[in-house]
Amino acid sequence: MRTPAGEQLTPREIQVLALVARGLSNAEIGRELYIGEATVKTHLLRAFAKLGVNDRTAAVTAALARGILDPFR
């Protein structure tokens with residue numbers, strides 16, 4: 001029996017993770033998305049919790065492995 005899927009990432013969380021994957025800092029992501037750096041951090045922390053990880057690298061790796069992020073974008 002399969003376990004139920006965890007919470008889904010929001011479109012904004014996915015967008016933030018995609019920019020992390022491109023190597024942008026929180027400040028650069030904030031400028032790109034017209035949001036504050038604190039908001040970027042909030043999106044990342046929520047994504048970390050949903051993915052069951054503790055850092056940016058692990059979040060991107062998990063998102064790629066689960067097909068949430070396209071490795072060719």
Looking only at non-hydrogen atoms, find the nearest pair between L17 and A47 and report the distance. CD1-CB, 4.2 Å
Measure across A59 and L51 and return the closest heavy-atom pair with its distance rounded to 0.1 Å. O-CD1, 3.6 Å
Run the side-chain contact (heavy atoms from CB on, under 4.5 Å) test against [X] and tell me which residues pass, sequence neighbours left out.
X	value
A18	L69
T42	R46
A58	V53, D55

So do [Y] and [X] actually touch side chain to side chain, heavy atoms under 4.5 Å?
X	Y	value
L64	D70	no
L44	N26	yes
V40	L19	no

For Y34, the hydrophobic cluster (side chain heavy atoms closer than 4.5 Å, chained through members) also holds none
Answer yes or no: is there a donor N or O on one side and an acceptor on the other, between the side chain of T39 and the main chain of I35, under 3.5 Å? no
Taking it one step at a time, do T57 and V20 satisfy side-chain contact (heavy atoms from CB on, under 4.5 Å)? CA-CA 8 Å; T57 303; V20 168; over 6 Å; no
Contacts satisfying salt bridge (charged side-chain N to carboxylate O under 4.0 Å, His left out) that involve residues 9-20 (not counting sequence neighbours) are E13-K50
What pairs of residues pass the salt bridge (charged side-chain N to carboxylate O under 4.0 Å, His left out) test when at least one of them lies in residues 18-42, not counting sequence neighbours? none
